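Before any comments, here is the structure.
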There are 4 protein chains.
Amino acid sequence: MPKIVNHEERRDEVVAAARRIILRDGIEAATTRAIAKEAGYSNGVLTHYFADKDDILVSALESSHRRIADRLARKLSGRGGLEALQEVLVDNVPLDAERAMETGLEIGFWGRSLTSPDLLEVQRREAAELRYLVVSLLQSAAEAGQIRTDEDLDDVAERLLALVDGLSVHRLLYPSRITEERLERLILGELDRLRTQIH
Amino acid sequence: MPKIVNHEERRDEVVAAARRIILRDGIEAATTRAIAKEAGYSNGVLTHYFADKDDILVSALESSHRRIADRLARKLSGRGGLEALQEVLVDNVPLDAERAMETGLEIGFWGRSLTSPDLLEVQRREAAELRYLVVSLLQSAAEAGQIRTDEDLDDVAERLLALVDGLSVHRLLYPSRITEERLERLILGELDRLRTQIH
Amino acid sequence: MPKIVNHEERRDEVVAAARRIILRDGIEAATTRAIAKEAGYSNGVLTHYFADKDDILVSALESSHRRIADRLARKLSGRGGLEALQEVLVDNVPLDAERAMETGLEIGFWGRSLTSPDLLEVQRREAAELRYLVVSLLQSAAEAGQIRTDEDLDDVAERLLALVDGLSVHRLLYPSRITEERLERLILGELDRLRTQIH
Amino acid sequence: MPKIVNHEERRDEVVAAARRIILRDGIEAATTRAIAKEAGYSNGVLTHYFADKDDILVSALESSHRRIADRLARKLSGRGGLEALQEVLVDNVPLDAERAMETGLEIGFWGRSLTSPDLLEVQRREAAELRYLVVSLLQSAAEAGQIRTDEDLDDVAERLLALVDGLSVHRLLYPSRITEERLERLILGELDRLRTQIH
DNA sequence: TATGAATGAGTATTCATTCAT
DNA sequence: TATGAATGAATACTCATTCAT
């Protein structure tokens, strides 16, 4: 009997290697050779587990999103409405080294997605999920009377998500301008503006 | 007798060619040969005016920013305060094909900047100028009593700029979600929220 | 207790798979993995039954010749002389899809044989058998008074065999020039010219 | 002023190198690296003169045909009818080392042509020219009363051309069977059979 | 005997860079 | 200053072969 390897596990190893390279040296540096070497295998292994390089990149992007989603799900369990929404937004913003790297990877993929239909499709599918989550939480918050309802909730969701991504980019590119404190303050402040004013 | 050429002019020609290619076909398509050909020169000429390819790319980014700034300056002449601020924000958002391509170029450079100190430096320098302009306009609007002053104007500026970039990315990646109408509505709505409430 | 397998049988299975691929997709498509997969085995099994890939190809060529010979033997049983000769020649020419594929395989091997001593040896050995058959049939036809004897029978055999191969190649490369009708007419016409003229 | 090279000349150098390799080691051995090396250049040069490898191979095939055609034109000048036809056929058959190599190259290309539309198109175009020449010469010979006219001349042409290619292949694969003498005798004999019988 | 994981040299092609003219 | 020929290392991908299990 030959050594049987878990295909999914091997794929994960390679994808993790690709992620490490993209995070460390940028998406341009993620050549197949570099990925194989980083994973500790020879060139040829990639063939067994991936159709082609794009398959690796798409998997790396999906893996990144899955990690984020998993972490979020853990935090969100048992919460709802405005409280959960705050978790979602704060979690999607580079407030620590780990999330800063995730954001960097994401930005690299944005550029690629503009010229790669496969990557774009992944981005869209998974961005749609996040948007759906945010809209749902806004609706339950509205039903619970936690937030104002004088604005279209779809618009609110898009504004929140744009703010999250815009601030994330700026945090990475202009860290001295967007400190972690300001980043958090701006996110929380935006949520405050949604709250029903009581006076 | 050597031919006398205007160095700066030649650089501009080449950089313009690079910009055209990046906008038209993406940053990946901007090979040195393609740039030289687009500029109407032989590939060897680049040597005389640029240290290397990166030098061209950095210059192309600067040039792109300069064009945006120039267009803005033209629109802004004679205006001030909130009115000018609205021009600045709306102008920085991909509301037509030309600006959509500029945004695409910008996003491509974001990814590169994260691993290229030279590009990052350019990004920072020029983003700082835009930020300075926004803060200045906010201040004059505040002094003119056009906007509320219960929030730190630096924070307001960062929020506006993040929103602009976040919405720009989303417009490119998720055009069916962020239509041009919604994009404009969200920008203008954000400005409305700054206005002094009159009741 | 090791599994007992019939070596010759396994080889035949693999060779048949190789033949199927070459006929279907061309000799270029006959990679070791493709052959193993087509045979229903893992790629590693080839090691046990073949020295290397060339060993498989040589066997495939032999197998192809053997099949042709078998088909011929079946048709020939009970016949002799000119009648049998006609069967031999017509059978060796791509007058249907199956034989067209066999001819394609053969032509592919011709090119390889020119630089591979092993393949060349197989070609020679088996072409000699066919030539022997043709000469024998010519002799019996001559003895039976069916054909003219004013020409060296070896020469006649070579001319017939060359015509068969030449027309086969042309049928594959220039099908609109060499239609199936013309192909058959030319073969039969050549035999007619051998017949003793009766006047 | 840079060194200006004659593009056509450089292409010819590379094509000649490709031909040498194909003749010496077979078409499989004609890798781009091997061709560049044989031509005395680096890998990268090929880019300047050829679109891709297929462009080189097609050019090599065309070049080979052109050489044959040129040699033929020289021999044919001033001749016509049966005499010229004999030249054509005898010239197309590997009666010396040079033509043996040309035949070898041709056989290698036959296999490729079966799976490469580009090569097939070249083969067809140029085979059509040869066929046209043979038919023309047959017609003028017929008009001059040199040959029998009881058979369709298109059929005669196809038989002659098939015989030429069939014998050529056999001469290369089975040289002991098809000696140069027999090769020539069979070609000339075939022409004799066309001659008007005088008795 | 059979598996299939792994290797590493191979393929064509691309491209930034160098440099003699 | 400008040309464009030439380089050679890089890219993604393929594949015959090896070998521990």
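Note on naming: letters A, B, ... go to the chains in the order of the sequence lines (proteins, then strands), and numbering restarts at 1 for each one. The figures that follow rest on heavy atoms only: side chains count, while hydrogens, waters and symmetry mates do not. Note that the structure is a prediction, hence the values are computed from the model and not measured.
At distances below 3.5 Å, at least one donor-acceptor pair connects side-chain atoms of B/Lys53 with backbone N or O atoms of B/Ala30. When atom types are taken as modelled, the side chain of C/Arg10 and the backbone of C/Tyr49 share no donor-acceptor pair closer than 3.5 angstrom.
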Assess the residue pair A/Asp55 and A/Arg11 against the criterion (salt bridge (charged side-chain N to carboxylate O under 4.0 Å, His left out)); give the C-alpha distance rounded to whole Å, side-chain angles, the decisive distance to 0.1 Å, and a yes or no.
CA-CA 10 Å; A/Asp55 190 10; A/Arg11 277 182 68 100; 3.6 Å; yes
After noting the C-alpha distance and the side-chain angles of C/Glu121 and C/Arg125, does the key distance pass the salt bridge (charged side-chain N to carboxylate O under 4.0 Å, His left out) rule?
CA-CA 6 Å; C/Glu121 204 270 323; C/Arg125 175 158 25 89; 3.1 Å; yes
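Ion pairing between a basic and an acidic side chain is recognised when a charged N comes within 4.0 Å of a carboxylate O; A/Asp118 and A/Arg112 show no such pairing.
Looking at heavy atoms from C-beta onward, D/Leu173 lies in side-chain contact with C/Leu114 at the 4.5 angstrom threshold. Within the 4.5 Å cutoff, the side chain of A/Ile22 has heavy atoms near those of the A/Phe109 side chain.
Contacts between residues 38-60 of chain A and DNA chain E, counted as heavy-atom distances below 4.0 Å, involve A/Tyr41, A/Ser42, A/Gly44, A/Val45, A/His48, A/Tyr49. Near-neighbour residues of DNA chain E inside residues 23-34 of chain B, defined by a heavy atom below 4.0 Å, number-ordered: B/Thr31, B/Thr32, B/Arg33.
Atom CZ of B/Arg67 has 12 or fewer heavy atoms from other residues, nucleotides or ligands within 6.0 Å.
Here the straight-line distance linking atom CD of C/Glu106 with atom CD of C/Gln123 works out to 5.0 Å at 0.5 Å rounding.
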Watson-Crick and G-U pairing of DNA chain E, under 3.5 Å, as dot-bracket with | and [ ]:
.||||||||||||||||||||
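For D/His7, no side-chain nitrogen or oxygen approaches OP1 or OP2 of F/dG4 to under 4.0 Å.
Distance CD (D/Glu9) to P (F/dG4): 17 Å, rounded to an integer number of Å. As rounded to whole Å, 11 Å separates atom P of F/dA10 from atom NZ of A/Lys37.
Checking B/Arg19, B/Arg33, B/Arg20 one by one against B/Glu38, the salt bridge (charged side-chain N to carboxylate O under 4.0 Å, His left out) holds for a single residue, B/Arg20.
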